[in-house]
K.L.:
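Sharing a structure, written as structure tokens. Questions coming.
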Amino acid sequence: MGKKVAFHTLGCKLNFSETSSMAEGLKKEGYSIVDWNDIADIYIINSCTVTAKAEKKCRDAIKKVKNINPYSKVVVAGCYAEIKPEELKNNDKVDTVLGNTEKYKLAHYLAEIEDRQYTDFSDVNKTKEFFPTFSKDGRTRTFFKIQDGCDYFCTYCAIPYARGRNRYNTVEETIKTANEIAKNGFKEVVLTGINIGEFGVKNGESFFELIKELDKIDGIERYRISSIEPNLITDEIIEFVSKSNKFLPHFHIPLQSGSNTLLELMNRRYTTELFAQKVLKIKELMPNACVAADVIVGFPGETDELFNEATDFIESLPISYLHVFTYSDRQITKASKFKGQVSGKVKKERSKVLHNISDKLKENFYNSNINNTGKVLFESQDDNGFMHGFTDNYVKVRFPFHGTLVNRIKNVKITAVNNDGTVSVEMIE
């Protein structure tokens, strides 16, 4: 048996997809993949740099594994490694640092790890390759990376510096990978990337063309669009999803702020009016659709007046729930130098307000689904005698565990909302 390797993933769904592909690659080279909490010869952290908290989680993970096995080798890969390689190289517990291009040559670098070899780093202008990946960790759902990088350079975001410019395969090549996914038996595919709505723009293709072709693939029953910018979710995309039997009525649309003043400071490419138009269009065609929104709290220049304007806007729309992110100063970005930096205390207070709004929105959304019917894809985990799954419009279901239901899609009727953020259902077939 080869050396034991353990992986730990921080950050977005894209990272989870990439970690899975890295692990598959090492298996083919004879390595044995073990659980993160087990004793391993090599620990690999696929890192995130979107916030200071994400970077701290990486450093904490490094300390943890060195306590588990002081003689192990530690590899830090991904976005934190790309943005702050010297910081990690100066950590005496880290043996190898790999950026977002180098991590796909993981087996090559592990062969050299005994020499404590460090790698040369690609800067943002040299990160040009695209590596399609899909996760193989679960039995029901896979995260399919169709795009990487970003050309937007929002003033708060370090990701374009860590991930590079917008890139992807052609529609034809992407469909080939999707057919591989279908052969693996996954019922549901989540389309992921950094800015997936920009798929195809540099070679005369489009995200809309891609989803039309994906819709035709046999063997994949459900698709979710993980996140798409308000200015890129066109009416034709919304209308297509409303008629598709495979693309689900579940949208994740980054808002970031409900204030046009702040959106302009963030260098976002839309207004609150456009965002509202897209949400209302979705709800007009798909009244039961789930619409989630990302919101940043405490961005520089966010006064009490602008914060209240933003919360009023959010509460005026039929949003299902929020992902609330506290602004984190990334020194590589323009916003780091902006005036009007918000104190930690105020950020915490405002974050609590937004979380409370999100809880209320989600409660209203779940209650609006009582007595509705839907299709649930049941997952494999046995949680104290219960199993979970999600309806097509992303309502989380709790049901007594039955092994025969794993990776099966069943028609259900929602009967009640539970206190743990799930709903109860009854089978209707």
Side-chain angles (χ1 to χ4, degrees), residues 8-13 15 45 47-64 79-80 83-84 87 154-159 161-162 227 230 252-268 272 275 279 291-317 319-366 396 419-421:
H8 185 52
T9 307
L10 297 168
C12 61
K13 298 292 192 299
N15 268 5
I45 303 169
S47 65
C48 175
T49 192
V50 71
T51 64
K53 185 176 181 180
E55 293 177 353
K56 183 178 183 301
K57 285 181 178 180
C58 181
R59 295 191 295 271
D60 289 345
I62 293 166
K63 293 177 184 177
K64 175 183 176 180
C79 292
Y80 184 14
I83 293 293
K84 298 181 179 179
E87 181 175 300
C154 299
T155 57
Y156 55 83
C157 186
I159 297 305
Y161 304 95
S227 179
H252 188 138
I253 311 175
L255 170 61
Q256 309 309 11
S257 177
S259 161
N260 283 334
T261 300
L262 292 176
L263 289 177
E264 185 175 356
L265 285 172
M266 291 175 174
N267 195 33
R268 301 294 285 165
T272 56
F275 183 91
V279 172
V291 182
D294 292 338
V295 182
I296 295 173
V297 62
F299 185 78
E302 184 187 72
T303 62
D304 287 342
E305 181 182 15
L306 291 179
F307 177 71
N308 291 333
E309 177 187 328
T311 56
D312 288 345
F313 174 75
I314 291 167
E315 292 183 301
S316 73
L317 290 174
I319 296 172
S320 305
Y321 63 92
L322 305 174
H323 285 283
V324 180
F325 298 90
T326 300
Y327 170 75
S328 182
D329 182 8
R330 308 284 78 201
Q331 293 184 0
I332 199 170
T333 66
K334 290 183 178 180
S336 178
K337 303 173 181 63
F338 284 0
K339 296 180 180 179
Q341 298 287 330
V342 180
S343 72
K345 180 182 178 182
V346 172
K347 288 180 186 176
K348 187 174 182 180
E349 292 170 351
R350 291 177 183 171
S351 177
K352 185 176 181 180
V353 170
L354 283 172
H355 276 98
N356 288 337
I357 290 173
S358 179
D359 290 344
K360 181 181 176 182
L361 291 170
K362 189 171 184 179
E363 181 182 3
N364 291 340
F365 175 61
Y366 270 38
K396 188 174 183 179
N419 293 327
D420 63 352

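Index from 1, following the sequence.
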K.L.:
Which residues pass the salt bridge (Lys or Arg N to Asp or Glu O under 4.0 Å) test with Lys57, not counting sequence neighbours?
P.N.:
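With neighbours one apart ignored, the set is empty.
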K.L.:
To the nearest 0.5 Å, how far apart are CZ in Phe325 and OG in Ser351?
P.N.:
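The CZ atom of Phe325 sits 11.0 Å away from the OG atom of Ser351.
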K.L.:
Set out, in order, the CA-CA distance, both residues' side-chain angles and the distance that settles side chain to side chain contact (heavy atoms under 4.5 Å, CB included) for Leu255 and Phe313, then state yes or no.
P.N.:
CA-CA 11 Å; Leu255 170 61; Phe313 174 75; 4.0 Å; yes
K.L.:
Only counting residues at least two apart or in another chain, list the ones meeting side chain to side chain donor-acceptor pair (under 3.5 Å) with Thr326.
P.N.:
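Thr326: no side chain to side chain donor-acceptor pair (under 3.5 Å) contacts found.
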K.L.:
What closest approach, in Å, do Phe299 and Ile296 show between heavy atoms, and which atom pair accounts for it?
P.N.:
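Reported closest heavy-atom pair: CB-CG2, 4.5 Å.
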K.L.:
Using side chain to side chain contact (heavy atoms under 4.5 Å, CB included), reason through Phe307 and Val297 one step at a time and then give a plain yes or no.
P.N.:
CA-CA 8 Å; Phe307 177 71; Val297 62; 4.1 Å; yes
K.L.:
Assess whether side chain to side chain contact (heavy atoms under 4.5 Å, CB included) is satisfied between His323 and His252, documenting all intermediate values.
P.N.:
CA-CA 10 Å; His323 285 283; His252 188 138; 3.2 Å; yes
K.L.:
Less than 4.5 Å apart, any side-chain heavy atom of Glu302 and any of Tyr327?
P.N.:
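No, side chains not in contact.
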K.L.:
Using atom types as modelled, flag every donor-acceptor pair under 3.5 Å from a side chain in residues 339-346 to any protein atom, sequence neighbours excluded.
P.N.:
from, atom 1, to, atom 2, distance (Å)
Gln341, NE2, Ala335, O, 3.2
Gln341, NE2, Phe338, O, 3.0
Ser343, OG, Val346, N, 3.2

K.L.:
For Ser358 and Leu322, indicate whether the former's side chain and the latter's backbone hold a donor-acceptor pair under 3.5 Å.
P.N.:
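Answer holds: yes.
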K.L.:
Donor-acceptor pair, distance only, cut-off 3.5 Å: does the side chain of Ser257 make one with the backbone of Ala310?
P.N.:
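Not confirmed, Ser257 side chain does not pair with Ala310 backbone.
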K.L.:
So, the side chain of Asn15 versus the backbone of Leu10: is there a donor-acceptor pair under 3.5 Å, distance only?
P.N.:
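Yes, the answer is positive, given that a donor and an acceptor are paired below the 3.5 Å cut-off.
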K.L.:
Apply salt bridge (Lys or Arg N to Asp or Glu O under 4.0 Å) to Lys56 and list each qualifying residue two or more places apart in sequence or on a separate chain.
P.N.:
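Salt bridge (Lys or Arg N to Asp or Glu O under 4.0 Å) check on Lys56 returns Asp60.
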K.L.:
With sequence neighbours excluded, tell me which residues meet salt bridge (Lys or Arg N to Asp or Glu O under 4.0 Å) with Glu315.
P.N.:
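Here no residue qualifies.
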K.L.:
Please determine whether the number of non-hydrogen atoms from other residues, nucleotides or ligands lying under 6.0 Å from atom NZ of Lys347 exceeds 12.
P.N.:
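Yes, the 6.0 Å shell around NZ holds more than 12 heavy atoms from other groups.
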K.L.:
Counting only heavy atoms not in Gln331 (residues, nucleotides, ligands), do more than 12 fall under 6.0 Å from its CD?
P.N.:
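No, not enclosed.
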K.L.:
Tell me whether Lys337 at atom NZ has more than 12 heavy atoms from other residues, nucleotides or ligands lying less than 6.0 Å away.
P.N.:
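Counting neighbours around NZ of Lys337, more than 12 heavy atoms of other residues, nucleotides or ligands fall under 6.0 Å, so yes.
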K.L.:
Under the side chain to side chain donor-acceptor pair (under 3.5 Å) test, which residues partner Asp304, sequence neighbours left out?
P.N.:
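Applying side chain to side chain donor-acceptor pair (under 3.5 Å) to Asp304 gives Arg350.
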K.L.:
Would you kindly say whether Asn260 and Thr272 are connected by a side-chain donor-acceptor distance under 3.5 Å?
P.N.:
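Indeed, the side chains of Asn260 and Thr272 share at least one donor-acceptor pair under 3.5 Å.
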K.L.:
How far apart are the C-alpha atoms of Leu262 and Gln256, what are their side-chain angles, what is the distance that settles it, and do they pass the side chain to side chain contact (heavy atoms under 4.5 Å, CB included) test?
P.N.:
CA-CA 9 Å; Leu262 292 176; Gln256 309 309 11; over 6 Å; no
K.L.:
Give the minimum heavy-atom separation between Ala61 and His8, together with the two atoms involved.
P.N.:
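Smallest heavy-atom distance, with atoms named: CB-CD2, 3.9 Å.
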K.L.:
Can you give me the closest heavy-atom contact between Arg268 and Pro254, atom names plus distance?
P.N.:
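Looking at all heavy atoms of both residues, the shortest contact is NH2-CB, 3.6 Å.
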K.L.:
Is a side-chain N or O of Arg330 found less than 3.5 angstrom from the main chain of Thr49, in a donor-acceptor match?
P.N.:
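Such a contact is found between Arg330 side chain and Thr49 backbone.
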K.L.:
Examine distances only and state if a side-chain atom of Thr311 and a backbone atom of Asn308 form a donor-acceptor pair shorter than 3.5 Å.
P.N.:
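Checked: pair present.
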K.L.:
Say you draw a straight line from CG of Leu361 to CD1 of Ile314; how long is it, rounded to the nearest 0.5 Å?
P.N.:
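That separation rounds to 8.0 Å.
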K.L.:
Take Asp329 and Ser336 through the side chain to side chain donor-acceptor pair (under 3.5 Å) test and state the conclusion after the steps.
P.N.:
CA-CA 6 Å; Asp329 182 8; Ser336 178; 2.8 Å; yes
